[in-house]
Amino acid sequence: MEKLIIEGGAKLNGEVRISGAKNAALPILCAGLLAETPLVLTSVPALKDVASTIKLLDTMGVKVLQEADKVTLDASEVGSFEATYDMVKTMRASILVLGPLLARFGSARVSLPGGCAIGSRPVDLHIKGLQAMGAAIHITHGYIQASTLHLPNRRLQGARYYMDMVTVTGTENLMMAAALADGTTILENAAKEPEVVDLAECLNKMGAKISGAGTDVITIEGVEKLSGANHNIVCDRIEAGTYMVAAAMTGGKVKLLNARADLLDAVVEKLRDAGATVTHDDNSITVESNGKLKAVNIRTAPHPAFPTDMQAQFMALNSVAEGVAKVTETIFENRFMHVQEMQRLGADISIDGNTALVKGVEFLDGATVMATDLRASASLVLSGLVARGETVIERIYHLDRGYEYLEEKLTQLGAKVRRSH
Ligand code: EPZ
């Protein structure tokens, strides 16, 4: 089992290039199923979740060519419309093939994602939205069996659908399904995350007619077919946020290249409240700090509010900041898995329901800790960067799901971190 070994205390200085966004790449790769001619993507991050998605598409008959960060998808000869339990259990975002398979082929058999570390994470809104478009859906033996064969021209029908919870992949699945539907679909209470916007931009390049992405009402006018296109994946705002917190906590000056501050307003504001200096231009962000930060209250909510994917990172910041702060998680019901591990490092955190009270301590002390989910592992890395002595993080496959070349990028900034096999 691979581990990450970090010697705390080094300030981070220099430049780091932010990769393409994992949470944009995953839906956009699945959008490749919709196109009759090749879709060419650049800035696709080298992550385990991306590799899993490409493997899934390959099993369906999509021809995938990967050359560094460029991926070409040819879905002209798809023969299987199934995402098995083995696939979905390793990556729940596999659910994103459901909409495209139904839209283009009229049939899909996708395993229900099980629960995951951070919560039950049902997909009922994905299913209800597809049913609103006329899909016949049965849940049998843990699989979603979906079909449009009973519909006129075997096509989904445009519909108006209100999502009673803001769901990112739910919005993405339904947007992809609606792109080839017969008629117009209006998605209300849609997710406004930048990754939803990036998917809509890619779909429109492929010939879709989508408007309103980035607002809570998205209108999709169905078209007959979609073609391939060229699309560069938007930068990863969560990877950027993670390095920004690392710079602020260690007390250094770090410039993030290929980073957009306009995707991170809430995070930039909180870092400034904590006492870091944050400046930016159109495609870079610079964070400078003396390492002496003030604790900041955090409350997660859908974009553009403070992102749940940055909650664990700010828990780490608060654990060594001056003062006391409340961290409230409103999106997932169990996203405090990192707390027990951080307490092993000496953090003073108490949990009351979905709110954690964090009292800043003078020092964290290195220890062996265990990663439990992607962003929780990031908070352990951040804690290790400032802890006294050595921190060993086990089960770092969680990190490899969402952070490209993590130890290389951190080492380049001056951190003392290495991977042990
Ligand atoms: C996406 O997950 C991201 N993953 C998550 O990032 C992110 O944390 C999350 O959005 C929230 O921003 C990808 O984009 C691949 P949701 P998603 O559907 O779409 C409930 C990371 O670290 N819900 O927006 O699965 C759900 O239980 C990952 O990169 C339903 O009840 O999240 C949750 O409480 C972790 N029924 C809330 O809505 C549904 O049908 C938001 O979930 C769908 C969702």
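Just follow the structure's listing: the first ligand is 1, and inside any ligand the first atom is 1.
Those atoms of ligand 1 that come under 4.0 Å of a heavy atom in Val123, given as number and element, are 39 (C), 40 (O). For ligand 1, the atoms lying closer than 4.0 Å to a non-hydrogen atom of Leu374 are 22 (O), 29 (O). Shown in contact with His126 at under 4.0 Å from a heavy atom are these atoms of ligand 1, numbered in order with element: 40 (O). Within the listing of ligand 1, atoms 21 (C), 22 (O), 29 (O) sit less than 4.0 angstrom from a heavy atom of Arg375. Annotation for ligand 1: atoms under 4.0 Å from non-hydrogen atoms of Thr308 are 8 (O), 11 (C), 12 (O).
Inclusion of Asn23 in the set of residues having an N or O under 3.5 Å from an N or O of ligand 1 is warranted. At under 3.5 Å, not a single nitrogen or oxygen of Arg92, backbone or side chain, sits near a nitrogen or oxygen of ligand 1. The shortest N or O to N or O distance between Glu193 and ligand 1 is not below 3.5 Å. Checking only distances, Glu172 never comes within under 3.5 Å of ligand 1, N or O to N or O. Inclusion of Leu125 in the set of residues having an N or O under 3.5 Å from an N or O of ligand 1 is warranted. For ligand 1, the polar-atom distance check finds an N/O of Ile331 within less than 3.5 Å of one of the ligand's N/O atoms.
Ligand 1 has at least one atom lying under 4.0 Å from a heavy atom of Pro122. Ligand 1 is never approached by Ile127 to a heavy-atom distance shorter than 4.0 Å. Using a 4.0 Å heavy-atom cutoff, Arg335 is listed among the residues neighbouring ligand 1.
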message: Set out, in order, the CA-CA distance, both residues' side-chain angles and the distance that settles ring-ring contact (aromatic ring centres under 6.0 Å, His included) for Phe306 and Phe314, then state yes or no.
response: CA-CA 11 Å; Phe306 190 90; Phe314 268 76; 5.0 Å; yes
- request: Output, in order, the C-alpha distance, side-chain angles, deciding distance and verdict of salt bridge (charged side-chain N to carboxylate O under 4.0 Å, His left out) for Asp265 and Arg260.
  value: CA-CA 10 Å; Asp265 289 339; Arg260 283 179 44 191; over 6 Å; no
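The residues Lys409 and Glu239 are annotated as salt-bridged, a charged nitrogen and a carboxylate oxygen being separated by less than 4.0 angstrom.
Within the set Glu329, Met165, His303, Glu239, the minimum heavy-atom distance to atom 20 (C) of ligand 1 is found for Met165.
One distance of note links CZ of Arg419 with OG1 of Thr411; it measures 11.0 Å at 0.5 Å rounding.
At least one donor-acceptor pair closer than 3.5 Å links the side chain of Asn173 to the backbone N or O of Ile95.
Side-chain contact between Leu380 and Leu382: absent, with no pair of heavy atoms (C-beta onward) separated by less than 4.5 Å.
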